[in-house]
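Below: the structure, in structure tokens.
Keep in mind the model is a prediction, meaning the values are calculated, not measured. Letters A, B, ... are given to chains in the order of the sequence lines, protein chains preceding strands, and every chain is numbered from 1.
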Amino acid sequence: METKTIIKDKHVCTIDQLSSVENQEVCLQGWISNKRSSKGLFFVELRDGSGFCQCVIDESIVSPEDFEQAKVLTLASSVRLVGKVEKDDRQIGGYELKVNEIETLQVVEDYPISNKEHGIEFLMEKRHLWLRSKRQWAVMRIRSRVKFIIHQFFQERGFIQTDAPIFTGNACEGTTTLFETDFYGEQAFLSQSGQLYAEATAMALGKVYTFGPTFRAEKSKTRRHLSEFWMIEPEMAFYDLDMDMDLIEEFIRYIVLDIYNNYKSELTILERDLTLFENIGTVFPRITYDEAVEILRGEKDLDGKNALKTLEDDLNSVKERKTACLADIEERETAINAGGMKKGAINFNRNKIDKLKNEIKDLEEKERNIPQWIESAKNFKHGEDFGGSDETVITRLFSTPVMVYKWPKDIKAFYMKRDEEDDNYVKGVDLLAPEGFGEIVGGAEREDNLDLLLERIKEHDLPIEDFEWYLDLRRYGSVPHAGFGLGFERIIMWLTNVSHIRETIPFPRYYGRLLP
RNA sequence: UGAUCUGUAGCUCAGUGGCAGAGCAGCCGCCUGUUAAGCGGCAGCGCAUUGGUUCGAAUCCAAUCAGAUCAGCCA
């Protein structure tokens with residue numbers, strides 16, 4: 001096949017710019033993401049990083065050589081296509097390209113990822129290629145945008161971004177497992193929080209935030225954990241817990257609204273239910289830990305809704321749904337086996353059956369889990385921390401994020417300020433996201449009294465000598481201050497509703513995954 | 001770390017003691033507007049590994065390896 005170059009003196013543009021060049025001739029450069037054919041026609045779905053666009057290759061328009069070329073184009077092949085931009089409401093982007101010239105950069109053989117369902121293990125092995133698929137594309141675009149607007153939110157409000165070190169000598173929250181490393185012969189850890197450093201820079205700059213990677217060596221194998229993830233940690237001098245909660249609420253609403261207003265098509269690709277986005281204007285309820293416990297145990301109703309009762313109803317509807325799914329599968333299988341069905345219809349039904357089977361797997365898992373959740377919620381002991389299921393039970397009753405504040409001191413970090421009214425509590429707050437996502441923000445007013453802080457460090461059995469620098473912050477001009485931490489991937493997961501946090505970061509690192 | 005589940009074609013899976021299957025992807029042909037297009041055909045796997053039971057094992061048993069989900073911990 002002869003090679004040619006068509007890019008010279010052509011108007012090169014990207015798919016996201018098509019609306020501004022309607023009826024003009026342009027050159028698109030990209031990769032084949034799907035191809036369909038008819039007699040004398042090829043429908044090529046092209047992706048170029050900025051979007052997806054159907055390009056029509058018509059035998060009666062292109063040269064015979066180019067039409068031959070179109071025949072051999074396979075999935076992931078790279079091309080330049082010159083053609084006329086036409087409005088077509090049938091297309092997702094609203095436009096299609098009537099091709100009149102083709103330049104092939106590479107014809108790909110055996111691209112491993114097809115337009116089909118794949119298992120997570122396979123996709124993770126091929127993560128570098130999986131990123132090219134439509135859903136991943138949408139998630140990465142939202143990730144980028146959220147990162148940008150987080151900076152925008154804080155910068156607009158006079159916050160200074162300060163970076164915390166990644167190598168640290170002290171373990172700030174003690175219990176959590178840290179990655180150990182060697183720092184010129186000294187034992188060092190990879191940072192699991194930049195918060196203490198943010199407190200230091202807040203005393204220098206007023207309102208600050210950090211945005212950096214953190215590392216946790218927990219061998220967690222759940223859909224909500226990563227070994228390497230990004231965290232945003234604002235810290236504000238002269239803020240108390242109420243101001244902290246106000247800021248958290250404003251911040252979360254700002255992010256959610258921006259994505260809703262500017263990234264609707266990505267949310268559509270992700271099939272995100274938009275209820276969350278529509279409710280985000282409502283004030284986030286603020287309840288104390290004690291109230292949350294009462295709600296969890298079913299001792300207190302909320303707007304006439306009882307947590308345990310709601311769960312029992314959920315269990316019943318799960319059971320009903322499962323019965324319906326089984327009946328549906330049965331019906332479709334009988335219809336297929338009866339014969340006389342067209343091949344297309346058989347495929348359609350098989351596909352449905354596969355989906356129903358997957359749904360049943362999920363339902364069965366819920367069926368096993370919900371009774372345990374009810375049991376654990378009923379028997380929840382005041383003074384314990386909420387587990388994943390407890391958070392689900394609580395947030396199940398709300399359609400917006402919920403703030404839980406005033407926590408028992410024993411289950412929270414040493415640096416949280418004790419509650420003035422009751423020494424057994426601290427002025428911490430967790431923001432629980434609805435739809436079962438659980439905690440996405442953890443914040444607190446910090447202990448600003450030197451003696452009380454020393455006491456807490458001793459209670460937690462932390463090595464005082466490592467915290468001397470931190471204690472200096474209380475020795476020299478201590479002021480009330482507060483801050484919070486936001487798990488960046490957690491919020492992306494929540495916004496995009498992907499089933500696994502591993503899909504929210506380009507190259508996830510977790511127990512058992514170091515490549516690609 | 002514990003509990004449950006999974007490992008069969010490039011991919012997604014069916015087959016649960018009797019000669020290894022389907023759909024998709026690939027290749028060939030047909031069809032002028034397809035949206036994971038459709039129709040017909042071709043080719044492709046010896047069932048994670050090791051050992052055992054059996055006349056006979058993908059199927060039963062055991063161990064090992066790999067993975068998934070949930071729990072704990074958390075963001």
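When the side-chain nitrogen and oxygen atoms of Arg36(A) are compared with OP1 and OP2 of rU34(B), none of them lie within a distance under 4.0 Å. Contact annotation: Arg513(A) does not reach the phosphate of rA66(B) (side-chain N/O to OP1 or OP2, under 4.0 Å). Taking 4.0 angstrom as the limit, Asn34(A) places a side-chain polar atom (N or O) nearer than this to OP1 or OP2 of rA37(B). Residue His500(A) has a polar side-chain atom (N or O) positioned under 4.0 Å from OP1 or OP2 of rU69(B).
Residue Lys71(A) is classed as having no contact, given no heavy-atom separation below 4.0 Å to the nucleic acid. Heavy atoms of Ile113(A) sit nowhere under 4.0 angstrom from any nucleic acid atom.
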Might you work through the ring pair (Phe, Tyr, Trp, His ring centres under 6.0 Å) test for Tyr209(A) and His151(A), ending with a clear yes or no? CA-CA 9 Å; Tyr209(A) 67 106; His151(A) 281 291; 5.6 Å; yes
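You'll find the ring centres of Tyr510(A) and His225(A) outside the 6.0 Å limit.
A 3.5 Å limit on both hydrogen-bonding distances identifies no Watson-Crick or G-U partner for rC45(B). Nucleotide rA58(B) is matched to nothing when pairs are restricted to Watson-Crick or G-U wobble geometry with both distances under 3.5 angstrom. Remark: rG23(B) base-pairs with rC11(B). Criterion, Watson-Crick or G-U wobble with two distances under 3.5 Å. Here rA68(B) sits opposite rU4(B) as a Watson-Crick or G-U wobble pair (both hydrogen-bonding atom distances under 3.5 Å).
Atoms CE and CD1, on Met403(A) and Ile252(A) in that order, are 8.5 Å from each other to the nearest 0.5 Å.
Looking at Lys35(A), its side chain has no donor and acceptor atom pair within 3.5 Å of the base of rG26(B).
Take Ser133(A) and apply the side chain to side chain contact (heavy atoms under 4.5 Å, CB included) test, not counting sequence neighbours, and it matches Trp130(A), Gln136(A).
With its glycosidic angle within 90° of 0, rG46(B) adopts the syn conformation.
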